[in-house]
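Report on the following structure.
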Amino acid sequence: MATKTLPTFTREQVAKWIVIDSNVYDVSRFKDIHPGGVAVLLEDHIPGQDATESFYSLHRHEVLKRPAYKRLHIGTIQGEESVITSGEVGQPSQVPFAEPTWLSDGFHSPYYKESHRRLQLAMRKFVDEVVKPEAWVREESGERASPQVMEAMAQLNVIAMKMGPGPHLKGLTLMNGAVLPEEFDYFHDLIVHQELARQGQRGYGDSLLSGLLIGLPPIIHFGSPALKARIIPEVLSGKKVLCLAVTEAFSGSDVSGMRTRATKTPDGKFWIINGTKKWITNGTCVNGITVILVERGEGVETKPIKTMYSASAGTAYITLDNVKVPIENTIGPEDNGMFIIFSNFNHERWVICASATVLQRLIIEEVFKWINQRKVFGKPLVSQAVIRSKSWVENVTHQMNNMSYKEQARKLAGPIALLKTHVTNCALDTAREAVQIFGGRGVTKTGMGQYVEQAYRGTMFDSILGGAESVLGDFGVRQALKDMPSNVRL
C-alpha cells in the first residue's frame, strides 16, 4: 500500500492551523471537542505559530500517532523536517540510564555474548509491537493479557523461556532461533523478564503468566515423570494456567503457619484438601495449584481480590472445600514441601529484582524526557534533579549460571533475599522522587505522568511479593550467619 504524500506549506500559509515539529495540523473541526477546551487553541502563541514546546508540555508524543488525531495532520512545513521521536520501535533507548550499560554505546560487559544481543533485539521488537499496544488498555480495564498475546508468546516459546534454563527447553525453537536451547542461560532468562517488564504496566505484566513462573518449577524439578509429561506441555503451550498457592490470610510470610490441610482417604488413593489461599497471582484464571497439584473442579472456588494496582493480574482468594485429588498429583516426597517451597522462592525473588530494576530504568527515562522538555520559571527543569540507581542483579545471575538448583537453594537464598529487599527499596525511592518531579501529573492515571503514577502504585506490591522486606532482611542475615566461622574474634 503506497504511503500518502502530504502537501507542504510555507509558514505564512498556516496562519489558521497549528504547527508541531514542522508538521501542520488542521484543528478547525476539532477545536470544539478538544479535551482541554477551545481557549488553549486560540491563545496568541498557538494558531499559525510553532506550538511544539506548548504541545509537549501538555501531551505525550504518542498522542499524535493515534488514529483520531493523526487524521488532523494535513502537511509539513516547506524545507523543514520533523525531528522529535519517542524512540525507535524495537531499538534500545538513547536516553541516559534508560538501558543497562551493555546496551549503551561505548560500554562493555563480560556477561553478555552475541546470542544475548540477538535475543534482546527480538524480545524488544516483540514487546513493542505485540505486547505494549494492549498493555495500558487492559491494565485500566482490569482484563488479563489477550488470547492473541498468549498465543504469540507460546508460538515463540516465550512462556517456556520465562521458566529459565532447563530440560523443558529441549527441542524448542526459541524466539525464531535467536538462542539455542542448550545455550540458554540465566542472562537470557534475565533478558526475557526485563524486556517483558518494559511494557510498563505492573498488573498487566503479572497477567503474562507470572503465576506460572512460580507454579510450574515445583513440577519441573520435583514432579513425577507422568505428571511432567501431562502438565508441562499444556502449560508451556498456553492452554492451561498455573499458579502457586502458598499465602493464607492467617500465615502470610510465615509459610510454616499454613492452616490448609490435606488428609488421605482410607484406601490411600486420594488427598482430601480443605482450606483457603489468599493474594494468589493468576488465581482467578488458574487450572492448577501446587505443591499438591489441584486441578480446577468440584470444591475449588476462586474469587477476585481488588488490590491497589490492577485487576488484570487476576489476584485471587481460593477456597478448597473437600477437594478430592489423586495421590499421583503429589509433587515430590511427602513431608518435603517446605524445601520445595523455599527453593522455589529464589527464582521468583530474582525475577522480581530483574523486573523492578528495568521498571526503575523506564521511570528514569520518563523523568529525563520530562525534565528536558518541561520549563519552570522560564528555565528547563533538567537542572533540578539528579537520579542514581544501582543493583547487583548481574552478579547473582552469574552465580546462578554456575550453580545447580540445589546449590542455589543453599548458597543464594540469603543473598537473593537481601537483593530483593534492596531493589524494591530503591524502586520505591525512584517512584517517590519521580512523582515529586512530575508533580500533579505524577498522580494522574493518564497523560504525561501515566507510567510514573502506575509505578508509584505497583512498586509497593513488589516489596510484598516473594516475602515482606522485614522477613527477607532477617532471613538473609540468618543465612549469612550460618557460614560465620565460630573462631573469629576482633
Side-chain angles (χ1 to χ4, degrees), residues 186 193 202 206 210 213-215 217-218 221 244-260 276-281 290-291 307-309 315 335-357 359-360 389-400 403-432 458-490:
Y186 282 106
H193 289 289
R202 186 61 187 78
D206 274 348
S210 288
L213 177 69
I214 55 177
H221 294 290
L244 181 71
V246 175
T247 309
E248 298 181 0
F250 295 101
S251 59
S253 296
D254 178 18
V255 176
S256 63
M258 290 190 295
R259 297 189 182 185
T260 298
T276 60
K277 298 292 180 180
K278 196 170 185 180
W279 303 296
I280 307 303
T281 302
T290 57
V291 168
T307 64
M308 68 185 293
Y309 73 142
T315 306
D335 300 322
N336 197 41
M338 290 296 285
F339 175 77
I340 295 173
I341 291 171
F342 279 109
S343 60
N344 194 53
F345 275 141
N346 287 334
H347 191 251
E348 176 193 7
R349 290 166 181 164
W350 174 80
V351 169
I352 293 171
C353 295
S355 300
T357 51
L359 282 172
Q360 286 181 74
S389 179
K390 59 182 180 179
S391 174
W392 65 84
V393 174
E394 289 181 341
N395 181 277
V396 170
T397 305
H398 181 64
Q399 308 310 317
M400 293 167 68
M403 292 183 185
S404 68
Y405 190 77
K406 287 187 176 179
E407 284 180 308
Q408 291 177 31
R410 184 170 61 86
K411 296 181 179 180
L412 292 182
I416 289 176
L418 293 174
L419 170 61
K420 192 258 182 181
T421 299
H422 171 74
V423 168
T424 54
N425 265 308
C426 287
L428 288 169
D429 287 341
T430 301
R432 184 169 53 248
T459 50
M460 181 61 73
F461 204 77
D462 282 330
S463 68
I464 299 170
L465 284 174
E469 290 177 353
S470 58
V471 174
L472 294 188
D474 177 68
F475 173 72
V477 173
R478 284 190 289 108
Q479 286 292 101
L481 288 175
K482 287 183 179 181
D483 296 324
M484 181 72 179
S486 61
N487 61 339
V488 297
R489 298 290 184 275
L490 288 173

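All residue numbers in this chain count up from 1 along the given sequence.
Here CD of Gln360 is found 9.0 Å from CG of Leu428. Values are rounded to the nearest 0.5 Å. Interatomic distance, Leu359 CG to Ile352 CD1, rounded to the nearest 0.5 Å: 12.0 Å. Between Cys353 atom SG and Leu418 atom CG the span is 10.0 Å, to the nearest 0.5 Å. To the nearest 0.5 Å, the span separating CG on Asn346 from CG on Leu412 amounts to 6.5 Å. Going from atom CZ of Arg349 over to atom OG1 of Thr424 covers 11.0 Å, rounded to the nearest 0.5 Å.
Between His193 and Ser355, the shortest heavy-atom contact is O-OG, 4.1 Å. Considering every non-hydrogen atom in both Phe475 and Ala417, the closest pair reads CD2-CB, 3.7 Å.
Put simply, the side chain of Gln408 gets close to the backbone of Met400: a donor and an acceptor are under 3.5 Å apart. Remark: side-chain polar atoms of Thr357 are paired, donor with acceptor, to backbone N or O of Ala354 under 3.5 angstrom. The closest donor-acceptor contact from the side chain of Glu407 to the backbone of Ser404 lies under 3.5 Å.
Side-chain contact check for Glu348 versus Leu213: every heavy-atom pair is 4.5 Å or farther apart. At a threshold of 4.5 Å between non-hydrogen side-chain atoms, the residues Asn344 and His221 do not count as touching. Contact annotation: the side chain of Tyr186 never approaches that of Met403 to less than 4.5 Å [non-hydrogen atoms, C-beta and beyond]. Counting heavy atoms from C-beta outward, Thr397 and Trp350 have side chains that approach closer than 4.5 Å. At least one side-chain heavy atom of Val396 sits under 4.5 Å from a side-chain heavy atom of Ile416. The side-chain heavy atoms of Arg259 and Thr276, taken from C-beta on, include no pair separated by under 4.5 Å. Side chains of Ile214 and His347 form no contact here, defined as non-hydrogen atoms less than 4.5 Å apart.
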